[in-house]
2 protein chains.
Amino acid sequence: MEHELDRGIAVVRSDDGVYDVHLDPGWVVGGGVNGGYVLAVVGNALRAELTDVGQPDPLSVSAYFLTPSRPGPARVRLRKVRVGGRRTTVAASLVQDEDGFEVERVSLLGVYGSLGEPGEVERQVPQPDLPPVEECLDASDASEEFLRAAPLLQRFGTRFDPEHAGWRTGKPSGQGVVQGWFKLADDRPLDPVALLLVVDALPPATYDLGRPGWAPTLELTAHVRAKPAPGWAIVRHATHNVSGGQFEEDCEVWDSTGRLVAQSRQLALLPR
Amino acid sequence: MEHELDRGIAVVRSDDGVYDVHLDPGWVVGGGVNGGYVLAVVGNALRAELTDVGQPDPLSVSAYFLTPSRPGPARVRLRKVRVGGRRTTVAASLVQDEDGFEVERVSLLGVYGSLGEPGEVERQVPQPDLPPVEECLDASDASEEFLRAAPLLQRFGTRFDPEHAGWRTGKPSGQGVVQGWFKLADDRPLDPVALLLVVDALPPATYDLGRPGWAPTLELTAHVRAKPAPGWAIVRHATHNVSGGQFEEDCEVWDSTGRLVAQSRQLALLPR
């Protein structure tokens, strides 16, 4: 049985350094296709390109979002910037045709390698202390309007920490944190490419500051630190610096064993 | 009077999208030229290119370090990925000739714009509570060997917080923090391009974990959040996640008014 995400990020090599993809409407949020999903699509094309050389895993990926992606056909264009024995640095773009022109949606640089077996953790940020999954809140409790604007919520099995889920009922905590348990709705196991999606899967931390709405990402860098173990992950979004019409949002992902497997930071524009 | 940094990051436009530069030996640390200095060189070429359109400031810059930069001539090649009325996304590389071939040292993506006058801060990470400048420690107290390996220390007027400067005498705090007061040695005022240097100017936070030595950066993303006010800045480096032979290092820079003006995160390899 094919999982939703695998169908959504499938790539077909059509030329040297070019992969055809199809952005699925199920991953729309607000006015465009979710940035994390687009990142996973590009990340999957890079995985396909670099698996043969034993470097299938995104160690770091920095994406600059240029124009909103639309559901439908798209292409990933990639270029190897530097090929190394242990790591390869890559440049990639996701492009779509619009009125007969090729328009770039996302441009990224990344370094791929092999994460291997998770080794020892010398030091890490502890995961937040969440209530049990069954005491956390399902996104399906959100308003109908909210769900209509964000069909991608139905792709996830997110259970939000009630302490930071007041945005669902107009009572944000004011702390700038959105966190909860995370899995994909159809139980597809998480892997390094899926983590590129996970770091941009929750509502922006600005929801918890009483500033709901779309927060366009200028830049997002994700570091995948280890292969995730199966089971529920924990995801935490937090913003600490809000000024000049911008905010940064840090995301951390821990797998079911409590290991930090990914972290990301994005610079985004405050919702109007 | 020309300041050291301005001489070091001077660019001369030589062709469409090409700037000639000269990497100064005064900015060497360990086996190569300091990454933050290289970032400021590239950032200055981008500033030169985008000043005419009123977008001289780096809002976000993501650099992937490919090969060690050497003192001597170099070129910055840049390309506008997307030109907007308020922001322009750019790709750039710093290259050097080596045995008759052009070798890429650093590849980056960034978004430039105008920081304008610093507006209201809605929320920010408070600056650390440091002892007064005169009670903090000058890098010139470091061992001769240390200073020989790092001539760039003489470009800075850093005063290290004694609580996290135990690496100078083999007694690290174990907290993974290196912080202090910062200015350029010749009192050149900080500006957005200089902040690209500042975020990589202190020794790696791993020094404070008892793991001194060169920590090669794979990726560094800097967000410049506001124009810095003149005077002593405060810089803090911290690492929270050390595993799999890698660590992330977060850097925050506050200006003399206490405003957070830049933050960065890098993914680096642990010193051997």
Side-chain angles (χ1 to χ4, degrees), chain A residues 59-67 81-82 84 87 89-91 93 103-104 107-111 113 115-126 174 176 209 211 218-221 223 225-226 239-248 250 252 259-261 263-267 269-270, chain B residues 59-67 81-82 84 87 89-91 93 103-104 107-111 113 115-126 174 176 209 211 218-221 223 225-226 239-248 250 252 259-261 263-267 269-270:
Chain A
L59 307 180
S60 174
V61 169
S62 300
Y64 283 71
F65 292 86
L66 308 168
T67 54
V81 176
R82 180 164 187 269
R87 285 178 288 273
T89 306
V90 286
S93 297
V103 179
E104 201 166 343
S107 184
L108 70 79
L109 281 172
V111 56
L115 286 166
E117 290 311 305
E120 199 197 341
V121 173
E122 294 184 41
R123 184 185 176 83
Q124 77 166 35
V125 176
L209 292 176
R211 305 192 59 159
L218 297 180
E219 182 270 338
L220 185 152
T221 294
H223 297 164
R225 299 296 297 269
T239 183
H240 301 287
N241 297 285
V242 181
S243 65
Q246 301 180 336
F247 68 105
E248 105 282 52
D250 288 350
E252 288 144 336
R259 184 183 185 113
L260 183 125
V261 290
Q263 56 188 159
S264 75
R265 175 174 289 169
Q266 60 176 280
L267 182 67
L269 301 179
L270 279 172
Chain B
L59 306 181
S60 173
V61 169
S62 301
Y64 283 72
F65 292 86
L66 307 168
T67 56
V81 175
R82 179 160 189 273
R87 285 176 289 272
T89 306
V90 287
S93 297
V103 179
E104 201 167 343
S107 184
L108 69 77
L109 282 172
V111 58
L115 286 166
E117 289 314 302
E120 197 198 345
V121 172
E122 292 184 42
R123 183 186 176 83
Q124 78 166 35
V125 175
L209 293 175
R211 305 192 60 160
L218 296 179
E219 181 269 339
L220 185 153
T221 295
H223 298 164
R225 300 295 298 269
T239 182
H240 301 286
N241 298 285
V242 181
S243 65
Q246 300 181 335
F247 67 105
E248 105 281 54
D250 287 350
E252 286 143 338
R259 186 184 182 110
L260 183 123
V261 289
Q263 56 186 159
S264 75
R265 174 174 289 168
Q266 61 175 281
L267 182 67
L269 301 178
L270 278 172

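The figures that follow rest on heavy atoms only: side chains count, while hydrogens, waters and symmetry mates do not. Just so it is clear: chains get the letters A, B, ... in the order the sequence lines come, proteins before strands, and each one is counted from 1. Source: prediction; values computed, not measured.
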### Task
Select one option (side chain, backbone, both, neither) describing which atoms of B/Ser62 are under 4.5 Å from chain A's heavy atoms.
both
#### Entry: Interchain contact, B/Ser107 with chain A, by part (heavy-atom threshold 4.5 Å)
both
### Task
Quick one: pull up CG in B/Leu267 and CD in B/Glu248 and give me the separation to the nearest 0.5 Å.
8.5 Å
### Approximate separation, where rounding is to 0.5 Å, of B/Glu122 CD and A/Phe247 CZ
10.5 Å
### Message
Nearest 0.5 angstrom please: B/Phe65 CZ to B/Leu220 CG, how far?
### Response
5.5 Å
## Note on the structure
From the list A/Arg123, A/Arg87, A/Gln124, the residue making the most non-hydrogen contacts under 4.5 Å with chain B is A/Arg123
### Task
Grab the two heavy atoms, one from B/Arg259 and one from B/Pro118, that are nearest each other, plus how far apart they are.
NH1-CB, 3.5 Å
### Query
Is it true that the side chains of A/Ser264 and A/Gln266 contain a donor and an acceptor less than 3.5 Å apart?
no
### Query
Where do A/Arg211 and A/Leu270 land on the side chain to side chain contact (heavy atoms under 4.5 Å, CB included) test, with the steps shown first?
CA-CA 8 Å; A/Arg211 305 192 59 159; A/Leu270 279 172; 3.8 Å; yes
### Task
Could you check which of A/Arg225, A/Gln263, A/Glu104 has the highest count of heavy-atom pairs closer than 4.5 Å to chain B?
A/Arg225
### Task
Tell me, for B/Leu209 versus chain A, whether the close heavy atoms (under 4.5 Å) come from the side chain, the backbone, both or neither.
side chain
### Query
Checking heavy atoms, do the side chain of A/Gln246, its backbone, both or neither come under 4.5 Å from chain B?
both
### Summary
Ranking B/Gly244, B/Gly110, B/Ser93, B/Ala63 by heavy-atom pairs under 4.5 Å to chain A gives rank one to B/Gly110
### Task
Specify the closest pair of heavy atoms between A/Asn241 and B/Val125, including all atoms of both residues, with the distance to one decimal.
OD1-N, 3.0 Å
### Task
Quick one: do B/Val111 and A/Tyr64 satisfy side chain to side chain contact (heavy atoms under 4.5 Å, CB included)? Show the steps, please.
CA-CA 8 Å; B/Val111 58; A/Tyr64 283 71; 3.9 Å; yes
### Message
If I measure from the heavy atoms of chain A, does B/Leu66 come under 4.5 Å with its side chain, its backbone, both, or neither?
### Response
both
### Query
Using non-hydrogen atoms only, which part of A/Thr89 is less than 4.5 Å away from chain B: side chain, backbone, both, or neither?
side chain
#### Entry: Which portion of B/Arg265 sits near chain A, non-hydrogen atoms under 4.5 angstrom
both
### Task
Go through the atoms of B/Leu109 and report whether side chain, backbone, both or neither lie under 4.5 Å from a heavy atom of chain A.
both
### Pick from B/His223, B/Glu252, B/Glu117, B/Glu120 with the largest number of heavy-atom pairs that fall under 4.5 Å of chain A
B/His223
